[in-house]
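Notes for the one structure printed next.
Quick note on labels: first sequence line is chain A, next is B, and so on, each numbered from 1.
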Amino acid sequence: MVEHLLDKQGVTGSSPVTPTISSGRARRSAGAPPLFVFPAGASLPKGIAMSQSASSGPDLSHYPGGEELYRLRHSAAHVLATAVTELFPDVKVAGGPPVDGGFYYDFAKATPFTPEDLEKIEARMREIVALDQKFEYAEATREEAAQIWKDEKYKLHFLSVIPDGAKVTTYRNGNFLDLCRGPHVESTGKLKAFKLTHFAGAYWLGSEKNEMLQRIYGTAFASQADLDAHLQRIEESLKRDHRKLGRELDLFSIHEEVGAGLVHWHPKLGMVRHMLESFWKEEHLKGGYQLVYTPHISSEKLYEISGHLQNYGDIMYAPMQVDEQAFRVKPMNCPNHIMIYNSRKHSYRELPIRFAELGTVYRYERSGVLHGMERVRGFTQDDSHIFCTPDQLQSEIEGVLKLMHKLLSTCGYEYHCYLATRPADKYIGSDAEWDFATNALRQALETAGLPYEIDEGGGAFYAPKIDVKLKDALGREWQCPTIQVDLNLPKRFGVYFTGPDGQDHEVIMLHRALYGSLERFVGIFIEHTGGEFPVWVAPTQAMIVPVNPKALEYAEQTAEMLRAAGVRVEVDARDEKLGAKIRDGELQKVPYLIVVGPRDIEAGTCAPRRKGQGDLGTMPREQIVERIREEIRTRAH
RNA sequence: GCCCACUUAGCUCAGUCGGUAGAGCAUCUCCAUGGUAAGGAGAAGGUCGCCGGUUCGAAUCCGGCAGUGGGCUCCA
């Protein structure tokens, strides 16, 4: 069996290799935990960590969908690799883990796969499933493994990173042998429902310094019904894509003539933004923030002092030469806020000082990362910098978390936090400073009772931070709120307060954005709501629909009642049939369509229809005015 | 930035073998006076993303650029 195996792998060396063969099932029943190999740098599903010890398998219970689904997808990845190596003998195999929602496998291939290749591969996979090949477990010595994969540089890399003392484990199905820690299903026949979904380039080991491999993505489920439901869900999600709704609801546009990643907000989305900004200002003023406004461009000198030019120069727009001085469009607001702070001396009695600005910044993001409103080149951060003493830091963070919760929960979000700690290699400041700042963030999270995950090494080079990521329609995460303790700028700019001792002390600077950027936040908000905005932000809150022109005057009168109550209301006076006006109102996702006709005129009634609920029946006009007013007042979602 | 794919009317899309372009919706005009998801008729609307090449002839084939989409990498 082993010889057969080696032959298929093209191993022709004279030294016989004899891995111990045992079935995965036998091995598990013997009490040994399942093992599996991830390519380093592969994006792992949340909660699944690469185990450092081969003797302790990872906890698969965190895998979304559970361990069984994990096995299924992991095995599907092997079947994919089996099919690919059979159809394309020249490919080199890299790695293929299950990921959230599916699996992938990476291959090195001289020419990229085509859509037709994908069909052939999937067809071959179905044949392999029909063959019901057993997944067979075997252990090998390092020398044996090195011999087996001597022509597979990617596998040799994975072999080289298996920790000393750990077992080298393999799984084989048919002619395909993989360096792998499992676990797998018993045989390929268990794969009842799978589908290859797409393919894309992916850097080897996730580093753009390395060559690009060809990655094929797929998904697998326990049953065809589950798979169909999954595909159906994706199809439904695509209908909530903010780029699609942006066109359909006339919300925003991006123009080639203007530039990629530069958003034009149309009137309706302008109203949504206005409402979110008003709410934001109201809450910030209540929270002791002071509004500031700063220039959009500044001398390049500012960014030399801040260090941004050195560290972020490649994302800044090129300089403009004015009066023999180089100016830059601002990529962040912090230096300007420091300028305001440093324009005079500050006593410890004044602290904390909280400057807030809806500050528009421009960053030259690489073209491949742009994504509708969610990743753009010009955006407005709901930015704030808090200058405080070390003693005040923790309570300030707590205050920020409280404010963040108010904004996010009002918009209808549930969220979870990441505590991003010091990066492994590049960072500034002392261990003591990092510990102090990181502990303050952690303590604040715990005081606030917010669950969080540690994002080890995910901090900025200048600061640990709390990040909150919100999901778009397809479940992709986007970083929105961020709270960062800045260990860098106070030193570079010399930001001090005068203490009770009459001496200058360095301030602690907290940098935070709670929506993150209005563009990204609103983009996700569109997807979160599916374009059905809560009444308090809806551009048009109510549409009066006269049954026929005879009811037009009564419709205007009804609109006036609502307007007087602070409701954004319009009258659909078009010469269309009622059914058509209802349909258009529904498609435009107006929260309240209020039908009025001859029957209502005498009784003073109307027939409102709530988006998502349908016809509410006939009621006095005063009643609907009150209902809508209340919904706006409470910012119901 | 990298890999792959795509770009035809305002929107969603057809367009065969290379022979100068089509539908539905939206828009405009007229007719229809209507109670909860599309009333009817007609008109107008396109330098087929841009630049170059091959060809008697290019939406169609080739190259470059731009933009968009899916990923990778990077980030609010």
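- Side-chain N/O atoms of A:R215 and base N/O atoms of B:C4 include no donor-acceptor pair closer than 3.5 Å.
- With both ends at atom C1', the span from B:C4 to B:C11 equals 27 Å, rounded to whole Å.
- The side chain of A:Q479 places no N or O atom within less than 4.0 Å of a non-bridging phosphate oxygen (OP1 or OP2) of B:C75.
- Nucleic acid contact for A:A580: sugar-phosphate only, since backbone atoms but no base atoms lie under 4.0 Å from a heavy atom of the residue.
- B:C61 and B:G19 are spaced 15 Å apart, taking the C1' atom of each and rounding to whole Å.
- Side-chain proximity of A:N548 to B:U33, B:U36, B:C72: nearest is B:U33.
- In this structure, A:K244 does not reach the B:C11 phosphate: none of its side-chain N or O atoms is under 4.0 Å from OP1 or OP2.
- Looking at the side chain of A:E256, the nearest of the listed nucleotides B:A66, B:U68, B:G39 is B:A66.
- Following rounding to the nearest Å, A:E374 (CD) and B:G70 (C1') show an atom-to-atom distance of 14 Å.
- Note: A:W478 and A:H371 have tilted aromatic rings, judged against thresholds of 30 and 60 degrees for the angle between ring planes.
- Contact annotation: the side chain of A:R377 approaches that of A:S367 to within less than 4.5 Å [non-hydrogen atoms, C-beta and beyond].
- When the C1' atom is used for both B:A9 and B:C48, the distance is 10 Å, rounded to whole Å.
- In this structure, the CD atom of A:E477 is 15 Å from the P atom of B:A76, given to the nearest Å.
- When distances run from any side-chain atom of A:K577 to the nucleotides B:G39, B:A38, B:U68, the shortest one goes to B:G39.
- Comparing B:U68, B:G67, B:C4 by their closest approach to the side chain of A:L370 singles out B:U68.
- Ion pair A:E396/A:R512 not flagged as a salt bridge, since none of the NZ, NE, NH1 or NH2 atoms sits closer than 4.0 Å to an Asp/Glu carboxylate oxygen.
- Note on A:R363: every side-chain N or O is 4.0 Å or more away from OP1 and OP2 of B:C74.
- Among the atoms of the strands shown, base atoms are found under 4.0 Å from some heavy atom of A:E365.
- In this structure, A:K465 reaches the sugar-phosphate backbone alone: every heavy-atom distance under 4.0 Å involves primed, P, OP1 or OP2 atoms, never a base.
- Note on A:T482: every side-chain N or O is 4.0 Å or more away from OP1 and OP2 of B:A76.
- Proximity note for A:R247 (side chain, C-beta onward) versus B:G34, B:U36, B:U12: the nearest is B:U12.
- Nucleotides B:G40 and B:A21 have their P atoms positioned 30 Å apart, rounded to a whole Å.
- Counting any heavy atom pair closer than 4.0 Å across all strands shown, A:L587 reaches a base atom.
- Distance, A:E248 CD to B:C13 P: 10 Å, rounded to whole Å.
- As a whole-Å value, the separation of A:L118 CG from B:G70 C1' is 12 Å.
- By the 4.0 Å N-to-carboxylate-O rule, A:E365 lies too far from A:R520 to be salt-bridged with it.
- When each of A:R609, A:R610, A:K581 is paired with A:E586, the salt bridge (Lys or Arg N to Asp or Glu O under 4.0 Å) condition holds for A:R609 and for no other.
- Side-chain N/O atoms of A:R512 and base N/O atoms of B:A76 include no donor-acceptor pair closer than 3.5 Å.
- Among the protein residues, A:P546 comes within range of no part of the nucleic acid, since none of its heavy atoms lies under 4.0 Å from any strand.
- A:R377 has no side-chain polar atom (N or O) that falls below the 4.0 Å cut-off from OP1 or OP2 of B:C75.
- Aromatic ring pairs are classed by plane angle as parallel below 30°, tilted from 30° to 60° and perpendicular above 60°; the pair A:H416 and A:Y418 is tilted.
- Look at the C1' atom in both B:C25 and B:G70: the space between them is 28 Å, to the nearest Å.
- Aromatic ring orientation, A:F525 versus A:Y413: tilted (interplanar angle from 30° to 60°).
- In the displayed structure, A:E602 atom CD is contacted under 6.0 Å by at most 12 heavy atoms of other residues, nucleotides or ligands.
- A:Y312 comes within 4.0 angstrom of no nucleic acid atom, judged by non-hydrogen atoms across all strands.
- Interatomic distance, NZ of A:K330 versus OH of A:Y362, reported as 10.0 Å (0.5 Å rounding).
- Between B:U33 and B:G15, the distance separating the two C1' atoms is 42 Å to the nearest Å.
- Note on A:Y364: a side-chain N or O is less than 4.0 Å away from OP1 or OP2 of B:G1.
- Put simply, A:Y217 has no side-chain N or O that comes within less than 4.0 Å of OP1 or OP2 on B:C4.
- Taking atom C1' on both B:C28 and B:C3, the two are 46 Å apart, rounded to the nearest angstrom.
- For A:D575 and B:G34, a side-chain-to-base donor-acceptor distance below 3.5 Å is present, hydrogens and geometry of angles not being considered.
- Heavy atoms of A:G368 sit under 4.0 angstrom from at least one base atom.
- Considering only side-chain N and O atoms, A:H198 lies nowhere under 4.0 angstrom from the phosphate OP1 or OP2 of B:G69.
- Using a 4.0 Å heavy-atom distance criterion, A:V376 is classed as a base contact.
- Comparing B:U73, B:A76, B:C3 by their nearest atom to the side chain of A:P112 picks out B:C3.
- Protein atom CG of A:L358 is 18 Å distant from nucleotide atom P of B:A76, rounded to whole Å.
- Taking syn as a glycosidic angle within 90° of 0, B:U20 qualifies as syn.
- Comparing A:I601 and A:F379 along RNA chain B, the residue whose closest nucleotide (by nearest heavy atom) sits nearer the 5' end is A:I601.
- Contacts of A:D600 with the nucleic acid, taken as non-hydrogen atoms under 4.0 Å apart, include base atoms.
- In this structure, the nucleotide among B:A37, B:U36, B:C72 sitting nearest to the side chain of A:A607 is B:U36.
- Between A:T618 and A:A200, the residue anchored nearer the 5' end of RNA chain B, judged by the nucleotide with its closest heavy atom, is A:T618.
- Stacking is not found between A:F199 and the pyrimidine-like six-membered ring of the B:G71 base under the 5.5 Å centre-distance and 30° plane-angle cut-offs.
- Considering only side-chain atoms of A:Y203, the nucleotide from B:A76, B:G70, B:U73 that sits closest is B:U73.
- Counting only heavy atoms from C-beta on, A:V369 has its side chain closest to B:C72 among B:C72, B:U68, B:U33.
- For A:E576 against B:A32, no side-chain N or O and base N or O form a donor-acceptor pair under 3.5 Å.
- Under the 30°/60° scheme for interplanar angles, the aromatic rings of A:Y312 and A:F461 are found to be tilted.
- Between A:R375 and the phosphate of B:G69, there is no side-chain N or O to OP1/OP2 separation shorter than 4.0 Å.
- Closest contact between the side chain of A:A202 and the listed nucleotides B:G70, B:C72, B:A37 involves B:C72.
- Taking 4.0 angstrom as the limit, A:R366 places none of its side-chain polar atoms (N or O) nearer than this to OP1 or OP2 of B:C2.
- Taking atom P in both B:U36 and B:C31, one finds a spacing of 26 Å when rounded to whole Å.
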